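Worksheet: one structure, shown below.
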Protein chains: 2
Amino acid sequence: MGVTRTDIYSEKENRIAAFAKVIGHPARVAILQHLFKINTCICGDLVDEIGLAQPTISQHLKELKNMRLIKGTIEGTRVCYCIDKENWNSMSRLMQDFLGQGLQDGEECC
Amino acid sequence: MGVTRTDIYSEKENRIAAFAKVIGHPARVAILQHLFKINTCICGDLVDEIGLAQPTISQHLKELKNMRLIKGTIEGTRVCYCIDKENWNSMSRLMQDFLGQGLQDGEECC
DNA sequence: AAAATTAATCGTAATATTGCAATATAATTA
DNA sequence: TAATTATATTGCAATATTACGATTAATTTT
């Protein structure tokens, strides 16, 4: 209990859920938003931009990195993060397919 | 701590995150998948379809209902669930806008 | 080399989530 | 009305997540 049973779902279902789970926190949405906006790299202004402590931001960045939605390169004493567009687009497509299923607004059933 | 600070994010960021969070569990993805597939209503076969206990399914359905992604109507002793297409599409659009930001595959920065 | 800067990691407290057994509720059928 | 059927709710145990202070690690500047 407390642990999600991934074994009983399809690969695809697990992937969609895993992607969504990472997006499922406003801090991570805000980080991604910010990285999209200032198309060029940013480093540690995220701590100022968003109002969370540095270790908390670092933790969120780690999760985004684990899901390969962002990548970071060391630049002196700073780290420069940006969207991993290739992977983002791939995950994005997966999600869009899932979301798009609702579009045919046929007969509501109940 | 342990509590997500919604106050420091924009309305939109919170809405995107909240939607994603609900999608962020494979059981709920599987439930939605199933509801999309059998376009017509379904009732309690979800317990058989997915391999979780009845109370667990019921709990996931509740969360989907809270987010207004599905709606259920009582039919005798059963409850008939289906996608709330209007709301689904509205949330879906919100998410698609967010996801779409990555599409312009411009210069990777780092 | 010492001090400063920046980000990651560790440890921990508070809270949330997941899953299920047991039970309750509500409608139907016998 | 009693038994049955289907779903919801309650209570709880296990685990996960979120947030932050303290510390560490790595680089740069003085």
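FYI, side chains are in, hydrogens and waters are out, and symmetry mates aren't considered; it's all heavy atoms of this structure. Every chain is numbered from 1, with letters handed out A, B, ... down the list of sequences. Computed from a prediction, not measured in an experiment: that's the story for all the values here.
Within residues 6-20 of chain B, no residue approaches DNA chain D, by heavy-atom distance under 4.0 Å.
Residues meeting the salt bridge (charged side-chain N to carboxylate O under 4.0 Å, His left out) test with A:E49, sequence neighbours left out: none. A:R5 pairs by the salt bridge (charged side-chain N to carboxylate O under 4.0 Å, His left out) definition with A:D7, not counting sequence neighbours. With sequence neighbours excluded, no residue forms a side-chain hydrogen bond (donor to acceptor under 3.5 Å, both in side chains) with B:T6. Residues meeting the side chain to side chain contact (heavy atoms under 4.5 Å, CB included) test with B:L94, sequence neighbours left out: B:K12, B:R15, B:I16. With sequence neighbours excluded, the residues forming a side chain to side chain contact (heavy atoms under 4.5 Å, CB included) with B:N87 are B:R68, B:D84, B:M91, listed by chain and number. In terms of the side-chain hydrogen bond (donor to acceptor under 3.5 Å, both in side chains) criterion, residue partners of B:S10 (sequence neighbours excluded) are, by chain and number, B:E13. Applying the side-chain hydrogen bond (donor to acceptor under 3.5 Å, both in side chains) criterion to A:K65, with sequence neighbours excluded, gives A:Y81.
Distance CE (B:M67) to P (C:dT17): 11 Å, rounded to an integer number of Å. Atom P of nucleotide C:dA7 and atom NZ of A:K65 are separated by 11 Å, given to the nearest angstrom. Rounding to whole angstrom units, CG of residue A:L52 and C1' of C:dA8 are separated by 16 Å. Rounded to a whole Å, the CG atom of A:L46 is 9 Å from the P atom of C:dA7. For the pair B:L61 CG and D:dT7 C1', the interatomic distance rounds to 10 Å; values are reported in whole Å. Between the P atom of D:dT18 and the NZ atom of A:K62 lies a distance of 13 Å, rounded to the nearest Å. What separates CD1 of A:I57 from P of C:dA7 is a distance of 11 Å, to the nearest Å.
In this structure, the side chain of B:W88 engages the main chain of A:L99 through a donor-acceptor pair within 3.5 Å.
The side chain of B:R5 places no N or O atom within less than 4.0 Å of a non-bridging phosphate oxygen (OP1 or OP2) of D:dT17. For D:dT17, the OP1/OP2 oxygens have a side-chain nitrogen or oxygen of A:K21 closer than 4.0 Å. Between D:dT7 and B:R78, no contact under 4.0 Å exists linking OP1 or OP2 to a side-chain N or O. A sub-4.0 Å separation between OP1 or OP2 of C:dT17 and a side-chain N or O of B:H60 is absent. Taking only side-chain nitrogens and oxygens, B:Y81 never comes nearer than 4.0 Å to OP1 or OP2 of D:dA6. Distances shown here put every side-chain N or O of B:T56 at or beyond 4.0 Å from the OP1 or OP2 atom of C:dG19.
Residue pairs satisfying the side-chain hydrogen bond (donor to acceptor under 3.5 Å, both in side chains) criterion with at least one member in residues 16-33 of chain A, sequence neighbours excluded, are listed as follows: A:H25-B:T4, A:R28-A:H60, A:R28-A:E63, A:Q33-B:Q101.
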Classify every nucleotide of nucleotides 22-30 of chain C by which part a protein heavy atom approaches to under 4.0 Å, writing B for the base, S for the sugar-phosphate alone and - for neither, in 5'-to-3' order. B----SS--

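Each of A:T4 and B:S58 lies near DNA chain D, and the nucleotide nearest B:S58 is the one positioned closer to the 5' end. Mapping A:V47 and B:R28 onto DNA chain C by nearest heavy atom places A:V47 closer to the 5' end of the strand.
Contact of the A:L32 side chain with the B:F98 side chain is registered, since non-hydrogen atoms from C-beta on lie closer than 4.5 Å. Side-chain contact between A:L61 and A:V79 is absent, with no heavy atoms from C-beta onward closer than 4.5 Å.
The number of heavy-atom neighbours closer than 6.0 Å to CD1 of A:I8, taken from other residues, nucleotides and ligands shown, is above 12.
Between the axis at the start and the axis at the end of the helix from C:dA1-D:dT30 to C:dA30-D:dT1 there is an angle of 10°, using five pairs per end and rounding to 10 degrees.
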